[in-house]
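Following: one structure in structure tokens, then a few remarks.
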Amino acid sequence: MVDESDPAVAGREGQARGHLWQARFADGPAETLRALSDSLVFDIRLFREDIAGSRAHVTMLASVGLLTPAERDKIVKALDRVEKEIDSGILEFIDSDEDIHTVVERRVIEIAGAAGAKLHAGRSRNDQIVADMRLWTRGAIDDIIGLIRGLQRTVLSKAEAAGEAYLPGYTHMQQAQPVTLAHHLLAHGWALQRDIERLADARSRVDVSPLGAGALAGSSLPLDPEMTADLLGFGAVFENSLDAVSDRDFVAETLFVLTLLGVHLSRIGEELVIWSTSEFGFVEFDDSFVTGSSMMPQKKNPDVAELVRGKSGRLIGNLAGLLATLKGLPLAYNKDLQEDKEPLFDTVDNARLSLLALDGLLASCRFLTKRMAEAAASPEAAATDLAEWLVEQGMPFREAHALVAEAVRRSIDENVPLVDLVESDPQLGPVAAALVEPGMSVSRRSTRGGAGPAAVRDQIERFRV
């Protein structure tokens, strides 16, 4: 219990119930300032990280002699209690609780008394908030990587189940060459793999402890930043205190990587939307992942794919907004940096939700492979194979390209089946005509990473690893 009869203790507790910086001013902050400045409404999400950082901090303070073991234990016990109170929702906030740091410190002082008032020694909210953000971002990256791997497993499962099914490949949204369905799906899987690699790389720059940097210039107290970093599992310690408190590169980089992930998810969503149209008819969605129309009874709308596609624009906006905020800031800390949290939280939340929803949509969908094969049956889709067959016979590619292009033009203009023109051409003939048959073209793709069945089987083995 706090001895309120002690004027010094009572005075400190009174200050703790005001804003942390209020002792400098005669009057409290204006309501408009508080409405603009207070961040508890969103940084409450950092309470676990803030308390974890405080536990490490007081442990370090005790190790360097700035706290007694008894004071350390009393503060840690109070921190444990505060964490439970916030987690359960029973902690009541008061007007002076402007951010998560204020809440935790105020409540620790209420519980631990004079010992709790030592919690902030050698620390500023400037290095404290960066530590919180780095801890939270590190965990979010790990979570997102796990969800991406889950989507990759679904892609792999669908690719393996597709066997040798094939569909038209497109360039410029025009039919180009047939590809196996597995090959098409794995193209998205490899893009997701790059997202994982980028996240892992970004994580290495997130994983740096700023604790000990203070407000901007370090501290005259005998702090041990290496110990604090080690207690929190950070892989490195800051090199420059000014940089440590002002750096939000790790937020911008995380936003960029998640935005690019969002773009990749949007591309999957876009294709699924197109494929589900009656004009394409390549995929049918499970009823649990579609919606209907309030007016048109026949509708089966691919809302999940559309919303995933739409979320990418939101993620792009979050990234652009933060970069615009950062571009003109001098060293070191500026209140503008408070604007890093909402775009990061929003991007992580929407990336996580998009991954989960798209995974469910893809896992439960049914690919209509017969319709895909029918769409890929156009003889013109084998035009490249005809040209390459002529190259194998010794003809220069440009000459072969022109010869086949002429045959395709005549087939369209004269309404003559291309196979007939190929079979009657003295430079092509019956052997080349066999290449025009449905399914033959895709079976010939044999190079590494190609769309043919054998090459795709090898690709699946590499992807599985």
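The shortest side-chain heavy-atom distance between K341 and M133 falls under the 4.5 Å cut-off. Within the 4.5 Å cutoff, side-chain heavy atoms of M227 are placed close to those of S63. Contact check for F238 versus V245: no side-chain heavy atoms found under the 4.5 Å cut-off. In this structure, the side chains of N126 and L216 stay at 4.5 Å or more apart for every pair of heavy atoms. Using a 4.5 Å heavy-atom cutoff, the side chains of R45 and D349 are in contact. At least one side-chain heavy atom of I148 sits less than 4.5 Å from a side-chain heavy atom of L199.
R123 and S54 are linked by a side-chain donor-acceptor pair at a separation below 3.5 angstrom, with hydrogens and angles left out of the test. Under the 3.5 Å distance criterion, with hydrogens and angles disregarded, a donor-acceptor pair is assigned to the side chains of T102 and D99. There is no side-chain donor-acceptor pair under 3.5 Å between D336 and T325.
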Between T32 and L36, does the side-chain contact (heavy atoms from CB on, under 4.5 Å) criterion hold? Intermediate values first, please. CA-CA 6 Å; T32 51; L36 182 65; over 6 Å; no
Using side-chain contact (heavy atoms from CB on, under 4.5 Å), reason through H120 and Q128 one step at a time and then give a plain yes or no. CA-CA 10 Å; H120 206 57; Q128 189 176 355; 3.4 Å; yes
inquiry  = side-chain contact (heavy atoms from CB on, under 4.5 Å) for D127 and V130? Distances and angles first, verdict last.
reply    = CA-CA 5 Å; D127 61 346; V130 185; 5.8 Å; no
Practice item. Evaluate the criterion salt bridge (Lys or Arg N to Asp or Glu O under 4.0 Å) for residue pair E197 and R194; output intermediate values, then yes/no. Key: CA-CA 5 Å; E197 292 167 2; R194 293 193 298 275; over 6 Å; no
Carefully, step by step, assess I268 and V308 under the rule side-chain contact (heavy atoms from CB on, under 4.5 Å).
CA-CA 9 Å; I268 299 174; V308 168; over 6 Å; no
What do the steps show when you test E284 against R371 for salt bridge (Lys or Arg N to Asp or Glu O under 4.0 Å), and what is the final call?
CA-CA 11 Å; E284 183 177 358; R371 171 63 190 136; over 6 Å; no
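We find that D97 and R107 are not joined by a salt bridge, their nearest charged nitrogen and carboxylate oxygen being 4.0 Å or further apart.
Cation-pi geometry between R138 and F234 is satisfied (NZ or CZ under 6.0 Å from the ring centre, within 45° of the ring normal).
Considering L223, D224, L232, L231 as possible partners of L211, the one that fulfils the side-chain contact (heavy atoms from CB on, under 4.5 Å) test is L232. Of the residues listed (Y170, F367, W275), the one engaging H184 in a ring pair (Phe, Tyr, Trp, His ring centres under 6.0 Å) is W275, and it is the only one. Evaluated for a salt bridge (Lys or Arg N to Asp or Glu O under 4.0 Å) with D201, the options R198, R205, R203 yield exactly one hit, R205.
The 12-atom threshold is not exceeded at NZ of K327, counting heavy atoms of other residues, nucleotides or ligands nearer than 6.0 Å. Heavy atoms of other residues, nucleotides or ligands lying less than 6.0 angstrom from CZ of R267 number 12 at most.
Within the 3.5 Å criterion, the main-chain N or O of V283 finds no donor-acceptor partner in the side chain of S276. Formation of a donor-acceptor pair under 3.5 Å by the T447 side chain with backbone atoms of G450 is not found in this model.
Every pair passing salt bridge (charged side-chain N to carboxylate O under 4.0 Å, His left out) that includes a residue from residues 287-296 is listed here, sequence neighbours excluded: D287-K300.
Here L119 contributes atom CG and R106 contributes atom CZ; the two are 13.5 Å apart, rounded to the nearest 0.5 Å. For the atom pair D43 CG and E342 CD, the distance stands at 9.5 Å (nearest 0.5 Å). Remark: L368 CG to F282 CZ distance equals 9.5 Å, nearest 0.5 Å.
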